[in-house]
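So that the names make sense, note that chain A is the first sequence line, chain B the second, and so on, each numbered from 1. Below, each value reflects all heavy atoms present in this structure, side chains not excepted, and no hydrogens, waters or symmetry copies. The structure presented is a predicted model; accordingly, all values stated were derived computationally and were not measured.
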Number of protein chains: 2
Amino acid sequence: MGNMTKIRPYSHIIDRLRDAGLRPTRQRLALAKILFEGGDRHLTAEMLHAEVLSANVRVSLATVYNTLHQFTSSGMLREIVVDASRSYFDTNTTEHHHFFMEGSGSLVDIPGGDIVVSKVPQVPEGREVKRVDVIVRVGDA
Amino acid sequence: MGNMTKIRPYSHIIDRLRDAGLRPTRQRLALAKILFEGGDRHLTAEMLHAEVLSANVRVSLATVYNTLHQFTSSGMLREIVVDASRSYFDTNTTEHHHFFMEGSGSLVDIPGGDIVVSKVPQVPEGREVKRVDVIVRVGDA
DNA sequence: GTGTTTGCAAAGTGTTTGCAATTTA
DNA sequence: TAAATTGCAAACACTTTGCAAACAC
C-alpha cells in the first residue's frame, strides 16, 4: 500500500474548517495543511508565510495573520508569548508547557504531565483561571 | 520620630547606580526613585515615562527605554513577557511568579513558595536553565 | 577636558486595518 | 447574486538608533 499520509484527502481539513464556520478557501487549505499535518509545530506568522510560499501557494502576509487568529479563536491553535515582539502559534492545543531556547528562539514541548504546578493560590475574587503557562528559559548550547 | 521613608537620602540610590557602573544623572535618579522606592512594581516603559513626567522631571521616552535596559542588564529589574507587543519590568528580582489579569493587563505577584513547579525535564544536552516563568492567566472580573 | 549620557527625530519591526477586487456557496 | 475572503498599501504601536548638544567627573 502507498503512503497513507500522502494520499490523504483534503476532506478532513475541509470539515475542520467548516466546523469552525470558515470557508475552505485555497489559502486556508494550504495553511491548514502545513499547520495540521506536520505534527506539533511552533510557528510565527512570518515562518508560516515563508512556508506556504515555498509550497508555491500565493498567500499574503495579511491573510496569514487573519487566518492564524481565526484558527486561534476557534481553538485549533494556541498563541504562545515568550518574546515581546513576536507571537508563536502552537498546533498542540492540549495541556503542556515549553522550553524556550534563547539562542535560536525556538520552542520545544514539555508534555503536560512532565511538569507539575501545584498550590496555585486562589484567584482574586470571582475570577477564573484561563490558563497556566510555564516557560522554561534555556540559555545557548 | 519622623517618617524615615520621606527623609531617606538619595545616597543609597546613588550607590546602587555607581555599583552598576552608571552615573547618577538627574534622569536615572528620578527613574530609580520611582522604581525602587515604591515597593514591588510592574511597569511598562510608557507607564514609567508618564510617571516621571507627572513628578515634573523631564525625561525622554528613549532615555526611559535605555535606562530600563541598563537596570535589567545589571540585575536591578527583571523583564516579564505576557503580551506580545509590550514589555513589563518587575522591580522584584527574587524568585516568584505572576497572575496576569487579561482585562486590565495588570500583573500581580505570586510569592515564590506559593507555586511549586516540579519535575522539570532534563534540558537538552549541555544547556542551562536560565529561569522558569509561570504565568497564571486570569479572565475578567 | 574627556568620556558618558541625553533628547530628538528618524528608522525599524511585527502586526492590524480599510477597502476594492475576487472568490465561494 | 449575496456574503465572505483576499491582497495591497497605508496605518499602527512599541521599540531602537544615529548623532549633536548637554552633562558628570
Side-chain angles (χ1 to χ4, degrees), chain A residues 10-11 13-34 42-53 55-74 76-77 79-89 105 107, chain B residues 10-11 13-33 42-53 55-74 76-77 79-89 105:
Chain A
Y10 279 77
S11 57
I13 296 188
I14 294 179
D15 290 346
R16 237 181 132 168
L17 293 175
R18 286 236 171 78
D19 288 350
L22 301 171
R23 290 183 177 176
T25 63
R26 178 177 59 81
Q27 292 86 336
R28 290 208 271 238
L29 279 171
L31 295 171
K33 198 160 188 289
I34 292 170
H42 307 97
L43 297 167
T44 63
E46 307 259 9
M47 290 162 81
L48 179 55
H49 189 222
E51 210 167 315
V52 239
L53 293 188
N56 283 305
V57 181
R58 216 150 56 272
V59 182
S60 73
L61 185 55
T63 296
V64 171
Y65 275 105
N66 288 337
T67 304
L68 284 170
H69 290 143
Q70 289 156 352
F71 287 3
T72 301
S73 301
S74 51
M76 299 157 87
L77 293 177
E79 192 172 354
I80 311 264
V81 180
V82 274
D83 182 316
S85 79
R86 73 187 156 208
S87 284
Y88 285 80
F89 293 85
L107 287 165
Chain B
Y10 279 76
S11 56
I13 296 189
I14 295 180
D15 290 345
R16 235 181 135 169
L17 292 175
R18 286 238 171 77
D19 288 350
L22 301 170
R23 289 184 179 176
T25 63
R26 179 177 59 80
Q27 292 86 336
R28 290 207 271 238
L29 279 172
L31 295 171
K33 198 159 189 291
H42 307 97
L43 296 168
T44 64
E46 307 260 7
M47 288 162 83
L48 179 56
H49 189 222
E51 210 166 315
V52 240
L53 293 188
N56 282 305
V57 181
R58 217 149 57 274
V59 182
S60 73
L61 185 55
T63 295
V64 172
Y65 275 105
N66 289 337
T67 304
L68 284 171
H69 290 143
Q70 290 157 351
F71 287 5
T72 301
S73 301
S74 51
M76 300 157 86
L77 292 177
E79 191 171 355
I80 310 262
V81 181
V82 274
D83 183 317
S85 82
R86 77 187 152 209
S87 284
Y88 285 80
F89 293 85

Quiz item: With sugar-phosphate meaning primed atoms plus P, OP1 and OP2, does A:H49 contact a base, only sugar-phosphate, or nothing at under 4.0 Å between heavy atoms?
Solution: nothing
Quiz item: Using a cut-off of 4.0 Å on non-hydrogen atoms, how would the nucleic acid contact of B:T44 be classed: base, sugar-phosphate, or nothing?
Solution: nothing
Is [X] close enough to [N] that one of its side-chain N or O atoms is under 4.0 Å from OP1 or OP2 there?
| X | N | answer |
| --- | --- | --- |
| B:R86 | D:dT15 | no |
| B:R28 | C:dT4 | no |
| A:T63 | D:dG7 | yes |
| A:R26 | C:dT24 | no |
| A:H69 | C:dT16 | yes |

Name the closest nucleotide to the [X] side chain, picking from [options].
| X | options | value |
| --- | --- | --- |
| A:Y65 | D:dC8, C:dT6, C:dG14 | C:dG14 |
| B:A45 | D:dT15, C:dT15, C:dG7 | D:dT15 |
| B:Q27 | D:dT5, C:dG14, C:dT6 | C:dT6 |
| B:A62 | D:dC8, C:dC8, D:dT15 | C:dC8 |
| A:T25 | C:dT6, D:dT5, D:dC8 | D:dT5 |

Quiz prompt | Nearest-angstrom distance from the residue atom CZ of B:R58 to C1' of D:dC23 | solution =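 One finds 15 Å between C1' of D:dC23 and CZ of B:R58, rounded.
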Quiz item: Nearest nucleotide by nearest heavy atom, which residue falls closer to the 5' end of DNA chain C, B:T67 or B:A84?
Solution: B:T67
Quiz item: Does the base of C:dT5 carry an N or O that pairs as donor and acceptor with the side chain of B:R23 under 3.5 Å?
Solution: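 In this structure, the two groups form no donor-acceptor pair.
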Quiz item: If you measure from the Lys or Arg side-chain nitrogens to the Asp or Glu carboxylate oxygens, is any gap between B:D83 and B:R86 under 4.0 Å?
Solution: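 The answer is yes: the pair qualifies as a salt bridge.
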